[in-house]
Amino acid sequence: MDIKTVGIVGSGQMGNGIAHVFALSGYDVKLHDISQEALDRGMAVIRKNLDRQVSREKITDEARNEALARIHTTLTLTDLGQSDLIIEAASERETIKLAIFEDLVPHLKPHTILTSNTSSISITRLASHTDRPERFMGLHFMNPVPVMKLVELIRGIATDDPTYQTMLGVVEKLGKTAASAEDFPAFIVNRILLPMINEAVYTLYEGVGNVRSIDTALKLGAAHPMGPLELADFIGLDTCLAIMNVLYDGLADTKYRPCPLLTKYVEAGWLGRKTGRGFYDYRGEEPVPTR
């Protein structure tokens with residue numbers, strides 16, 4: 001199937017990045033969110049990131065302007081129904097995702113492929129709530145989308161081969177690399193990454209080290225470009241907790257139990273960079289550890 005038009009649900013950190021790379025690769029994009037303010041923020045980020053690519057001579061002025069012209073925004077979810085491909089990039093909460101698919105399904109073209117950018121939730125289970133489980137799969141981009149080269153492709157139990165091959169071609173056209181993952185909780189990247197982050201939070205919780213020492217130890221001792229607590233703030237502590245809960249519930253293994261300190265930060269609304277406070281306080285000129 002030839003994909004020409006792409007509908008994206010959610011204009012946040014992941015959604016605007018996905019819109020950016022698709023528009024830059026020549027696709028017509030329709031970007032949806034529930035408020036005009038959210039759409040305006042998303043488009044502002046896209047313009048800023050495209051301008052940065054121009055300043056670094058990665059793309060031309062013409063390419064930037066053409067990409068922006070390909071992105072259209074809408075507050076009406078059903079406007080996405082006539083797209084060849086739909087990518088759900090809403091909050092990492094299953095109830096929200098299912099409600100989105102329920103609203104979309106009656107308005108889809110017969111050949112439309114549905115995908116979710118979920119980082120942990122069962123693709124098979126999401127697909128079972130639609131009218132096209134054979135044309136449904138996981139399309140998990142890494143953050144920040146314009147920079148990161150990897151896309152996880154996750155087939156549900158019913159995903160057919162034409163759908164998989166079509167999405168493999170889309171990823172290639174975007175200039176990214178696909179990694180195929182089985183439909184198990186958190187797939188590949190987050191199955192490995194999030195327990196490491198959770199263990200770093202336990203290390204903080206148990207007083208083995210403070211925020212600064214834990215991050216410094218992993219950056220200098222394991223050559224990580226970003227410390228695990230700094231990375232957790234970048235991902236969003238609510239997202240980290242949601243993924244750990246999926247692992248804990250889905251695999252029934254106590255090694256995936258979310259650290260109580262992670263839960264406490266989320267309950268406080270200290271979700272990381274997006275709220276100004278997490279394991280670091282970002283409200284000043286330089287981030288300051290909160291523990």
Side-chain angles (χ1 to χ4, degrees), residues 1-10 14-15 17-19 21-22 25 27 29-32 77 80-143 145 148-192 239 242-243 246-247 250:
M1 177 181 166
D2 186 21
I3 304 293
K4 294 182 178 177
T5 57
V6 180
I8 299 170
V9 184
M14 296 305 296
I18 294 169
V21 298
F22 269 92
S25 297
Y27 293 95
V29 174
K30 192 160 284 185
L31 182 62
H32 167 269
L77 181 63
L80 273 56
Q82 296 304 299
S83 304
D84 299 323
L85 166 65
I86 290 179
I87 303 167
E88 172 275 311
S91 174
E92 191 67 1
R93 290 169 58 190
E94 188 168 339
T95 53
I96 291 176
K97 295 179 186 298
L98 291 178
I100 288 167
F101 292 129
E102 182 179 346
D103 288 344
L104 271 174
V105 161
H107 305 278
L108 302 179
K109 296 190 291 187
H111 70 266
T112 298
I113 293 175
L114 277 176
T115 67
S116 176
N117 184 58
T118 179
S119 54
S120 61
I121 298 170
S122 167
I123 298 303
T124 297
R125 192 163 64 243
L126 292 176
S128 71
H129 288 79
T130 75
D131 65 343
R132 60 196 66 211
E134 71 285 353
R135 290 191 297 283
F136 189 109
M137 65 182 297
L139 189 67
H140 180 215
F141 290 84
M142 304 296 121
N143 185 34
V145 182
M148 302 295 279
K149 292 295 185 183
L150 182 70
V151 181
E152 284 184 313
L153 292 182
I154 307 100
R155 298 172 73 153
I157 195 170
T159 307
D160 62 24
D161 197 57
T163 298
Y164 174 77
Q165 294 298 331
T166 296
M167 296 318 302
L168 201 58
V170 167
V171 171
E172 184 178 350
K173 185 175 177 181
L174 294 176
K176 297 190 179 295
T177 300
S180 296
E182 292 297 323
D183 188 20
F184 286 96
F187 320 128
I188 296 172
V189 172
N190 284 326
R191 172 74 176 267
I192 298 167
T239 300
I243 294 170
V246 167
L247 283 167

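By convention here, the first residue in the shown sequence is residue 1. Just so you know, these numbers come straight off a predicted model, no measurement behind them.
Open room surrounds CD on Glu102; 12 or fewer heavy atoms of other groups in view lie less than 6.0 Å from it. For Lys4, the NZ atom is loosely surrounded, since the number of other residues' heavy atoms within 6.0 Å does not exceed 12. Crowding of Ile157 atom CD1: a count of heavy atoms from other residues, nucleotides or ligands under 6.0 Å not exceeding 12.
In this structure, the side chain of Arg135 engages the main chain of Pro110 through a donor-acceptor pair within 3.5 Å. Between the Thr163 side chain and the Glu134 main chain, a donor and an acceptor come within less than 3.5 Å of each other. The closest donor-acceptor contact from the side chain of Glu88 to the backbone of Phe101 lies at 3.5 Å or more, if one exists at all. The main-chain N or O of Ile87 is never found under 3.5 Å from a side-chain atom of Ser116 such that the two would form a donor-acceptor pair. Listed for the Thr112 side chain is no donor-acceptor partner under 3.5 Å among the backbone atoms of Leu85.
When each of Thr239, Thr118, Asn117 is paired with Glu92, the side-chain hydrogen bond (donor to acceptor under 3.5 Å, both in side chains) condition holds for Thr118 and for no other. Residue Leu139 forms a side chain to side chain contact (heavy atoms under 4.5 Å, CB included) with just one option from Ile18, Ile154, Val151, and that option is Val151.
Salt bridge status for Arg125 with Asp183: absent, with no side-chain N to carboxylate O gap under 4.0 Å.
Proximity of Ile123 to Arg155: side-chain heavy atoms (C-beta onward) are nowhere separated by under 4.5 Å. In this structure, the side chains of His129 and Val105 stay at 4.5 Å or more apart for every pair of heavy atoms. Residues Thr5 and Lys30 have side chains not in contact (no heavy-atom distance under 4.5 Å, counting atoms from C-beta outward). Counting heavy atoms from C-beta on, the side chains of Val171 and Thr177 never come closer than 4.5 Å.
Summarising the geometry of Pro185 relative to Leu247, their closest heavy-atom pair is O-CD2, 3.5 Å, with the distance given to 0.1 Å. Heavy-atom minimum distance, Ile100 versus Ala90: CD1-CB, 3.5 Å. Residues Ile96 and Ser91 approach most closely at CD1-CB, 3.9 Å, considering heavy atoms. Across all their heavy atoms, Glu152 and Ala181 have their closest contact at OE2-CB, 4.5 Å. Summarising the geometry of Gln82 relative to His107, their closest heavy-atom pair is NE2-O, 3.3 Å, with the distance given to 0.1 Å.
Within the model, atoms CG of Leu104 and NE2 of His32 stand 8.5 Å from one another, a figure rounded to the nearest 0.5 Å. Taking CZ from Phe187 and CG from Leu153, the interatomic distance works out to 11.0 Å, rounded to the nearest 0.5 Å. Residue Lys109 holds its NZ atom at 7.5 Å from OG of Ser83, rounded to the nearest 0.5 Å. Here OG1 of Thr130 is found 8.5 Å from CG of Leu108. Values are rounded to the nearest 0.5 Å. Interatomic distance, Ile3 CD1 to Phe22 CZ, rounded to the nearest 0.5 Å: 8.5 Å. Interatomic distance, OG of Ser180 versus CD1 of Ile188, reported as 8.0 Å (0.5 Å rounding).
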Before you tell me yes or no, could you show the steps for Tyr27 and Leu174 under side-chain contact (heavy atoms from CB on, under 4.5 Å), namely the whole-Å CA-CA distance, both residues' side-chain angles and the distance that decides it to 0.1 Å?
CA-CA 10 Å; Tyr27 293 95; Leu174 294 176; 4.1 Å; yes
With side-chain contact (heavy atoms from CB on, under 4.5 Å) as the test, would you mind laying out the steps for Asp84 and Ile113 before giving the verdict?
CA-CA 6 Å; Asp84 299 323; Ile113 293 175; over 6 Å; no
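Under the 6.0 Å distance and 45° angle rule, Lys176 does not count as a cation-pi partner of Phe141.
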